[in-house]
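Every chain is numbered from 1 and lettered A, B, ... according to where its sequence line falls, protein lines coming before strand lines.
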Amino acid sequence: MLLNLYRARPKLHLLTPRILSHIHLLPSHALKSSSCLLEAELPIDHCVDATGQDALSRSILGEAGNRPFLVCQSDGKEGSFSEGLAGLRHGFEDSRVSRFERCYVLARKGRLKEMRAILRQMIDEEGSGSAPSLCELLLNNFQDRDSSNLIWDMLANVYARSEMVHDAVVVLSKMDSLNMQASISSYDSLMYNLRHTNLIWDIYEEIGAQGISHSEYTHNILIDGLCKQWKLQEAIYFFQEVRTRQEFNPCIVTFNTLMRGSCNVGSVMIAKSFLSMMMKYGFLPDRYSYNTLIHGLCVAGSLEEALELSEYMEKNGMLLDVVNYNILINGFRLLGLMSETWKLVRKMLLSGLKPDLVTYTILIAGHCERGNVEEGMRMQKEIISRGFQLNVITYSVILNALFKRGQVWEVEQLLGEIGALCLDLDIVFYSTVIHGYCKLGEIEKALQACRLMCYKRVICNSFAHGAILSCLCKTGMVVEARWYLDHLSNSGQPLDIILYNTVIDGYVKSGDIRGAVGLYDQVIKKGITPTIVTYNSLINGFCRIGQLQVAEDLFRTCEHHGLVPTAVTYTTLMDAFCRAGNVDAMLKLFDDMVCNAIMPNVVTYSVVMKGLCKQGNLERAIRILQNMSAIGVSADQIAYNTIIQGFCEVRKKRKAFYFYHEMRRQNLIPSPVTYNLLINVLCMTGEVGNAERLLEDLLDEGVWLRKFAYSTIIKVQCAKGMPCKAIRVFERMVKAGFVVSIEDYCGPINRLCKRDYTNESKIFLNMMLHAGILPDQELCAVMCNAFYKNGDFGSMSAMQALIMKCGLSDIIYPFL
DNA sequence: ATAGGGTTAG
């Protein structure tokens, strides 16, 4: 589906402000006002943004659509859409009335299960937003009948359970106005479906106001909701309150819920105290109690205690189940101990349990995180061969790994597979894809995923906003990113610092330090606490414009604010010092960093090596390279390029090539920059032949080179009087698909003219004209002068004709 | 009940 939609969807423009204004989404600001939230909870057809307009969905669903009858509008005419709808409506009436009739019969006979099934089916067919019309139907056709209260209540109940909370509320309020009382079960269901929102309190109070007595579930639902909203304090307070007022008898589920809530906010201690409280109440912990605590311990990194607890559980006669094993395997994964996981899997198999999709997902995620994507992919194949259907979480994990590895082809392949499965893709999936494409610079693809997400009306959250913002920044649309951010902020959503960081960095990257500082001021004004990342970006911004003093001041500022500088902070400043030529200051910072126990990483070491090379201290640079791998930081492409560049700059070819081979021995793929450096150093030291051979070898290997590699050789060949070879390399360059410009011809022609290879320079000129590029005045002057110097007056007059034709003014001849 | 996504430096 995903890929199909990519192709089939009419191409919208880049994310224009008009569209952007419609993809801000409701969830957080919806929490503030109940009416908005109810809109937000609805499926796509009834989602309207704050202004009540929804241009994007109109443009997709057609102007008339408040229900997604996509088929009806296939010819694009509004008229036919409404007619089609009216026709469908008409046909519905009878069946709806007769089905309600059956419900009344069943209600009278007390066959409530069958009655519920009919309502369930009706609501499934009608979809969300159907409550007003069903209520009207009931009012018009079944007023004053027996069992009405029951039918209405069941209708509210079924809506609530089908997660159509808005419709459930419509039915309940209609009931209220008709003096019918709803059951606690309907209120419980509604509360449960609103448990992620503030409205949970409103419903709870409504129950009290209606004078309906609580069920055994009511309090538990409220406590669970508060825990889900990370409001542990509030949950505990409510728990104590109703308990002391003796309105509530807690059960095992209550304690398990509170334990999970405690663990989720990182307090295993509090969870443990609930466990003992539970036992004081005379409850024995069940499987859920243990699993909750074991999970909490694993997430907190206390794997040993988690293992002890699971042994204790086993000793108490409770066999470990798949969930339990999964929790423990995940505990190993969280500590990066993938090599230990097979023991648990084996134990699991020996006790007759089979790993499930969750087990595999944990294992795949773990392997991918440790960089072993191959093993992850192997497991993917294994689960499929075992007959599992992967779900959206597993796919997200794998996609994320592939994106991080830059394996675009595999990504596309997998997206195609997923598209064919008609999975319901969720917000995490989309933000993974958007971020992934963004990082790879595939902005158009990122925007496509963005549009698809909006089209599917998947409600955006902070992660997805972040993905959109970084996408905009990366395309150079910082102004739009800022606009988007302000728009989010104005709609009342509390924005997290990461979103601000993204845009602040966007400003920095576009060279707009004032924009960056301006936004930083906004952050402070709003009372949002900046993070070290905020400062890192600002420091980088000032470094880029050469204001090192300000950058250093900022560095002190974050220490004052109690923020701990990271390797990025140090490395940014170190690199700035290095560029400013102050290698000693760079090394001093490096020492400070080590003294402050901030671990340098591969980027830091590369900067240090760059500085040392700049100082001519190549031996020490080599030692850094050796040391870093000794302490477990493995050198990457750029680290090797740095040292190779160091040696190239002092023309030490042997050493440069030594590290090139070393790089390949480490299974690192040299980058185009590596080859530029090597070819350049060969050319600069007169080894044109070797440069040519290297080029040939690389091309034979299928290596992708930059234009620089070709043009460096061409220039030297021309300068050394090898025009024929130069022409051949030039042809290869064109054949490789590079776009050639006038400069690419000027280089060789200048050099050939200088050495009086006028005939050969004419070949380059012809190739250039053939490519549709006209010479400029400077090039004509160079050539005319060369022809004049060599007495080639025929060519001179031909050149004159060309000058006229190109509309260039007269040439000044220094020789005349 | 258990599994997935974000910002910064060479």
Side-chain angles (χ1 to χ4, degrees), chain A residues 253 256-257 259-260 263 286-296 298-299 321-331 333-334 356-366 368-369 391-401 403-404 426-436 438-439 461-470 473 496-506 508-509 530-541 543-544 566-576 578-579 600-611 636-639 641-642:
Chain A
V253 174
N256 289 347
T257 305
M259 278 169 60
R260 185 157 28 85
C263 289
D286 65 4
R287 170 177 304 289
Y288 292 87
S289 322
Y290 282 113
N291 276 350
T292 305
L293 208 50
I294 292 170
H295 180 233
C298 284
V299 172
D321 64 359
V322 179
V323 175
N324 208 309
Y325 277 106
N326 288 347
I327 290 170
L328 290 172
I329 292 172
N330 196 41
R333 178 207 136 199
L334 289 171
D356 65 3
L357 187 55
V358 178
T359 324
Y360 280 110
T361 309
I362 294 167
L363 292 173
I364 293 175
C368 291
E369 280 158 11
N391 65 15
V392 68
I393 299 183
T394 320
Y395 280 121
S396 303
V397 168
I398 299 169
L399 271 175
N400 194 33
F403 270 123
K404 284 207 172 121
D426 63 8
I427 184 70
V428 179
F429 182 90
Y430 282 112
S431 23
T432 306
V433 173
I434 299 171
H435 268 300
C438 248
K439 275 252 161 71
N461 60 15
S462 184
F463 282 85
H465 290 313
I468 292 166
L469 285 173
S470 60
C473 288
D496 61 43
I497 185 65
I498 292 182
L499 300 181
Y500 285 100
N501 287 348
T502 306
V503 182
I504 287 175
D505 195 66
V508 165
K509 294 276 161 58
T531 61
I532 189 65
V533 176
T534 322
Y535 286 102
N536 288 345
S537 287
L538 289 173
I539 290 171
N540 185 27
C543 286
R544 278 168 168 241
T566 61
V568 178
T569 325
Y570 280 102
T571 310
T572 308
L573 272 170
M574 282 164 63
D575 188 50
C578 209
R579 284 174 198 272
N601 60 24
V602 62
V603 185
T604 321
Y605 286 118
S606 302
V607 171
V608 174
M609 287 194 294
K610 192 168 79 176
D636 63 4
Q637 270 186 353
I638 301 179
N641 283 350
T642 307

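Partners of A/Tyr535 by ring pair (Phe, Tyr, Trp, His ring centres under 6.0 Å), not counting sequence neighbours, listed by chain and number: A/Tyr520. With sequence neighbours excluded, no residue forms a ring pair (Phe, Tyr, Trp, His ring centres under 6.0 Å) with A/Phe463. Among residues two or more places apart in sequence or in another chain, the ring pair (Phe, Tyr, Trp, His ring centres under 6.0 Å) test is passed with A/Tyr570 by A/Phe555. For A/Tyr288, the ring pair (Phe, Tyr, Trp, His ring centres under 6.0 Å) criterion is met by no residue, not counting sequence neighbours.
Nucleic acid contact for A/Asn291: base, since at least one base atom lies under 4.0 Å from a heavy atom of the residue. Among the protein residues, A/Thr572 comes within range of the sugar-phosphate backbone only, with heavy atoms under 4.0 Å from sugar or phosphate atoms but none that close to a base. Counting non-hydrogen atoms under 4.0 angstrom, A/Thr359 reaches nothing in the nucleic acid. Across all strands, A/Thr432 comes closer than 4.0 Å only to sugar-phosphate atoms, never to a base (heavy-atom distances). Counting non-hydrogen atoms under 4.0 angstrom, A/Val533 reaches a base of the nucleic acid. Within the nucleic acid shown, A/Asn641 has no heavy atom closer than 4.0 Å to any nucleic acid atom. Across all strands shown, A/Leu363 has no heavy atoms under 4.0 Å from either base or sugar-phosphate atoms. Residue A/Asp426 is in base contact, counting any heavy-atom pair closer than 4.0 Å across all strands shown. Across all strands, A/Val508 comes closer than 4.0 Å to no nucleic acid atom at all (heavy-atom distances). Among the protein residues, A/Arg579 comes within range of the sugar-phosphate backbone only, with heavy atoms under 4.0 Å from sugar or phosphate atoms but none that close to a base. Among the heavy atoms of the strands lying under 4.0 Å from A/Arg287 is at least one base atom, whether or not backbone atoms are also near. Residue contacts shown for A/Asp286 are absent, as no nucleic acid heavy atom lies under 4.0 Å away. Using a 4.0 Å heavy-atom distance criterion, A/Val503 is classed as making no nucleic acid contact. When heavy atoms are screened at a 4.0 angstrom cut-off, A/Asp636 is found touching base atoms of the nucleic acid.
No side-chain N or O of A/Asn540 forms a donor-acceptor pair with one of A/Asp575 less than 3.5 Å apart.
Applying the salt bridge (charged side-chain N to carboxylate O under 4.0 Å, His left out) test to pairs two or more places apart or on separate chains, none has a residue in residues 530-541 of chain A.
The distance from the CD1 atom of A/Ile539 to the CG atom of A/Leu573 is 5.5 Å, given to the nearest 0.5 Å.
Nucleotides of DNA chain B that come within less than 4.0 Å of any heavy atom of chain A span, from the 5' end to the 3' end, B/dA1 to B/dG10.
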